[in-house]
Undergrad: 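Provided herewith is a single structure, encoded as structure tokens, for subsequent inquiry.
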2 protein chains.
Amino acid sequence: MKGNITMRDIAEKLGVSSVTVSKALNDKEGVSDELKKRIKQVADEMGYRFNTHAKSMKEGLSYNIGIIIPEQFAGSTQAFYLQFYQHLSQNMDVHHYSGILHILSREDERNLALPRIYTEKKIDGFIMLGQISPEYVKMIQNTDVPVIFLDFYTDQTNIDSVLTDNFFGVYEMTNYLIRNGHKKIAYVGNIHSTSSIQDRFLGYYKSLLESRIELNPDYIIKDRDELGNYIPFELPEDMPTAFVCNCDQVAFNLINDLKKKGYDVPNDCSVVGFDNDIYATLTEPKLTTVEVNMKEMSKVTVKFIIEKIKNRKKTYGRVMIKGTMIYRDSVKNIL
Amino acid sequence: MKGNITMRDIAEKLGVSSVTVSKALNDKEGVSDELKKRIKQVADEMGYRFNTHAKSMKEGLSYNIGIIIPEQFAGSTQAFYLQFYQHLSQNMDVHHYSGILHILSREDERNLALPRIYTEKKIDGFIMLGQISPEYVKMIQNTDVPVIFLDFYTDQTNIDSVLTDNFFGVYEMTNYLIRNGHKKIAYVGNIHSTSSIQDRFLGYYKSLLESRIELNPDYIIKDRDELGNYIPFELPEDMPTAFVCNCDQVAFNLINDLKKKGYDVPNDCSVVGFDNDIYATLTEPKLTTVEVNMKEMSKVTVKFIIEKIKNRKKTYGRVMIKGTMIYRDSVKNIL
DNA sequence: CTGAAAGCGCTTACAG
DNA sequence: CTGAAAGCGCTTACAG
């Protein structure tokens, strides 16, 4: 078999022009059905592979989208984003797009270095997956390809981002605890840490407000310092009956800590998480938590970026996707 | 700023030809240093971005490599391969290559469907990351781009693969246990499961042979059935003083099981793992284990695939990369 | 329904 | 040291 088969080769074999072959293979108007069928058949027989680069050059589009994940989210505990990539990839495929995954090193982030896939025109747009510095956000907004931010947002203007509804998820979760008779409910997380931890806290707070439960400052329990390093939990004198943790990993840590201190989960106190990641089922008992709806978030993100590639003026703003409650064994009904 | 700046635009601005611009930007012979400098400067000022597609078409190369990960390895417990991707990516960057990550769905694997990145000539070669069916291996070997298998191998011929040295890693680990006075050493893993679990077992066995310790069939403890589902451990009557687990996750499970049954690790028995993944530090005590040398494996893999792209005839065979012993707290010296 | 011509943005081989 | 010409493999706009 010849190494490199082009439309012209197919055309010559059939005694037609390469224009006709192009039309046939792209299912365009202007070729008789019979000829089209033959062309496709011969293309198959000859092992023809379409050359995207020729099309790219003509159209000025690469049919690739750059997915940028900051290095710190590609660590050993973060299978999460690989799954996200998978969903993004599946959705892009429908639009004949491929994903070029780029892990942004801390150094490049600091130096505001744009990835080569951009400077060499290998991509038509960016999906930024995971929080990056405001400076980097600003720079990437000023490139001449469209950008969508996935799973985080900043307060900068003109930003299109797709997020899990942190606020609503924890609001719903806290309501669930209250329906199960809990009134002494603590929130575990540093509320000055990231915006998503903050939003989750606010969801918890709203739920308390609605049920006329006073917010007890002792019931806001720090899990990490401002730099993100975990610190030992300081449990309040008056023990809560339930803990709303800002993520599953913290719930995992808390449960281990509670056990060491002689408490039984969920009989002495209930614990809930957020994310439904690997930690949710590593705990004993398994965690009741909120699952991020990656599938829907990915679908929406890809739809947006493709629209933006076609029409630069489209904007979407901050789009929230609701998560799903996952009921397991870490909550006790105390009514 | 004009949307699309080409070498011709730079050339016109400077009153030279686009050939000269091409030479200058590519640091080729035949342009005076002074002119080269000016050209680069103007390119910068104009915000020029190189168009890879034009080069691709000329050369018939895309400067992309497809990294294929089978779906089952992209699950929530598998951050491992994302880290691998990161290292691969860094190494490819040096060669001006980008990675297109494709998660191969179970369905496409079964139907022997080639990814679009291949059929549309978006890639110059494949790196297969994670075990796939022999049929798929065979098919991908017959495409007209080179392939390297990373982190697994099959007995099919003409296969270039890069592997962690499972055999040697466990051999070294078992030697270490023996040096610490252990004689009653069990292996935990289904030796009919995957080739790497088998190879690890053989490393264990070699170590026993060398020390003239008889292989006790009761000391081969199954961790999963033939389908890969974990099953309860059946501990032997005569308890071993050490357990060599085929991976960290199994060591994690075993330690939890031992604790439930009233054993203390490492005082009653030592436990070691393999992989140094997330499970290695989730256990209490933390695991002594073997770390896969991802960095070196990635470097070698990329070097090989690039060489193979340049010269199709190159072959490398099965290349083993030694892992690194990580000493933590799960082994007791009983001498 | 079919095709000749031009062009996308580079690079290579050759001539000066 | 510099550049005119040709070509990579498609697609678009137009003519028949």
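Throughout, a chain's letter reflects where its sequence line sits, starting with A, and its residues are numbered from 1.
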Undergrad: For B:K28, report the nucleic acid contact type (base, sugar-phosphate, nothing); a contact means any heavy atom under 4.0 Å.
TA: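 The answer is sugar-phosphate, as B:K28 gets under 4.0 Å only of primed atoms, P, OP1 or OP2.
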Undergrad: Nearest to the side chain of A:V19, which nucleotide is it out of D:dA6, D:dG3, C:dG3?
TA: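 Of the options given, the side chain of A:V19 lies nearest C:dG3.
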Undergrad: In the strands shown, is D:dA4 matched to any nucleotide by a Watson-Crick or G-U wobble pair with both distances under 3.5 Å, and which?
TA: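 Pairing partner, where one exists within any strand: none, as none qualifies.
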Undergrad: Round to a whole Å and report the spacing from NZ of A:K121 to P of C:dC8.
TA: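 In whole Å, C:dC8 P and A:K121 NZ are 12 Å from each other.
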Undergrad: Without decimals, in angstroms, what is the distance between B:R8 CZ and D:dG3 C1'?
TA: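 Checked: the CZ to C1' distance equals 12 Å.
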Undergrad: Distance to the ring centre below 6.0 angstrom and angle to the axis at most 45 degrees; does that hold for A:K55 and A:Y63?
TA: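 Cation-pi check for A:K55 and A:Y63: passes.
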Undergrad: Considering Watson-Crick and G-U wobble pairs with both distances under 3.5 Å, what does D:dA13 pair with?
TA: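 Its partner is none (no Watson-Crick or G-U wobble pair with both distances under 3.5 Å).
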Undergrad: Could you please name the option among C:dC8, D:dC1, C:dG9 that lies closest to any side-chain atom of B:A54?
TA: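 Out of C:dC8, D:dC1, C:dG9, the nucleotide with an atom closest to B:A54's side chain is C:dG9.
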Undergrad: When the distance from CD of A:E59 to P of D:dC10 is rounded to whole Å, what number comes out?
TA: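 In whole Å, D:dC10 P and A:E59 CD are 13 Å from each other.
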Undergrad: Are any side-chain N or O atoms of B:D124 and backbone N or O atoms of B:S62, one a donor and one an acceptor, separated by less than 3.5 Å?
TA: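 Checked: pair present.
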Undergrad: Is a donor-acceptor contact shorter than 3.5 angstrom present between the side chain of B:K23 and the base of D:dG3?
TA: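 Between D:dG3 and B:K23, which were checked side chain against base, a qualifying N/O pair under 3.5 Å is present.
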Undergrad: With nearest nucleotide decided by heavy atoms, which residue, A:N51 or B:D33, maps closer to the 5′ end of DNA chain D?
TA: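 Looking at the nearest nucleotide for each, B:D33 comes out on the 5' side.
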Undergrad: C:dG3, OP1 or OP2 - any side-chain N/O from A:T20 closer than 4.0 Å?
TA: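 Yes, A:T20 has a side-chain N/O under 4.0 Å of OP1/OP2 on C:dG3.
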Undergrad: When the distance from CG of A:D27 to C1' of D:dT11 is rounded to whole Å, what number comes out?
TA: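 Rounding to the nearest Å, CG of A:D27 and C1' of D:dT11 are 15 Å apart.
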Undergrad: With salt bridge (charged side-chain N to carboxylate O under 4.0 Å, His left out) as the criterion, how do B:D27 and B:K40 come out once you've worked through the C-alpha distance, each side chain's angles and the decisive distance to 0.1 Å?
TA: CA-CA 10 Å; B:D27 284 319; B:K40 285 190 174 178; 2.8 Å; yes
Undergrad: Would A:D108 and A:R116 pass as an ion pair if we require N to O under 4.0 Å?
TA: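 Result for this pair is no, no salt bridge flagged.
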Undergrad: Can you check the A:L61 CG to D:dG9 C1' distance for me, whole Å?
TA: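 These atoms are roughly 17 Å apart.
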Undergrad: Heavy atoms from C-beta onward define the side chain here; which of C:dT11, C:dT2, D:dC10 lies closest to that of B:K55?
TA: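 Taking heavy atoms from C-beta onward, the closest nucleotide is C:dT11.
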Undergrad: Roughly how many Å is it from CE in B:M57 to P in D:dC10, rounded to a whole number?
TA: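 Taking atom P of D:dC10 as the reference, CE of B:M57 is at 9 Å.
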Undergrad: Under 4.0 Å, counting only non-hydrogen atoms across every strand here, what does A:V31 touch: a base, just sugar-phosphate, or nothing?
TA: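 Touches sugar-phosphate only.
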Undergrad: Nearest whole Å is fine: how far is D:dT2 C1' from B:E29 CD?
TA: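 Whole-Å distance recorded here is 14 Å.
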Undergrad: Below 4.0 angstrom, N of the basic side chain to O of the carboxylate: do A:D144 and B:R49 qualify?
TA: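 Between B:R49 and A:D144 there is a salt bridge, with a charged N closer than 4.0 Å to a carboxylate O.
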Undergrad: Here's a test of your reading of the structure: between B:F50 and A:S18, which maps to the more 5' nucleotide of DNA chain C?
TA: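 On the 5' side of the pair lies A:S18.
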Undergrad: From the list C:dT11, D:dT12, C:dG9, which nucleotide is the closest neighbour of the side chain of B:N4?
TA: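 In terms of side-chain proximity for B:N4, the closest of C:dT11, D:dT12, C:dG9 is C:dG9.
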Undergrad: Is B:Y48 near enough to C:dC10 that one of its side-chain N or O atoms lies under 4.0 angstrom from OP1 or OP2?
TA: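 Indeed, a polar side-chain atom of B:Y48 lies that close.
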Undergrad: If you compare every side-chain N and O of B:S56 against the phosphate oxygens of C:dC10 (OP1, OP2), does one of them come in below 4.0 Å?
TA: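 The answer is no; no side-chain N or O of B:S56 sits under 4.0 Å from OP1 or OP2.
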Undergrad: Counting side-chain heavy atoms from CB outward, which of D:dG9, D:dG3, C:dA4 is closest to A:T6?
TA: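 The nucleotide sitting nearest to the side chain is D:dG9.
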Undergrad: So, for A:L101 and B:S89, which heavy atoms are closest and what is the spacing to 0.1 Å?
TA: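 Of all heavy-atom pairs spanning A:L101 and B:S89, the closest is O-OG, 4.3 Å.
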Undergrad: Closest approach to the side chain of B:K58, judged atom by atom: which nucleotide of D:dC1, D:dC8, D:dA4 is it?
TA: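 Selected nucleotide: D:dC8.
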Undergrad: Please determine, for the side chain of A:N26, which listed nucleotide (C:dC10, D:dT11, D:dC10) has the closest atom?
TA: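 The answer is D:dT11.
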Undergrad: Can you tell me how far C1' of D:dC10 sits from CE of A:M7, to the nearest Å?
TA: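 After rounding, the gap between these two atoms is 6 Å.
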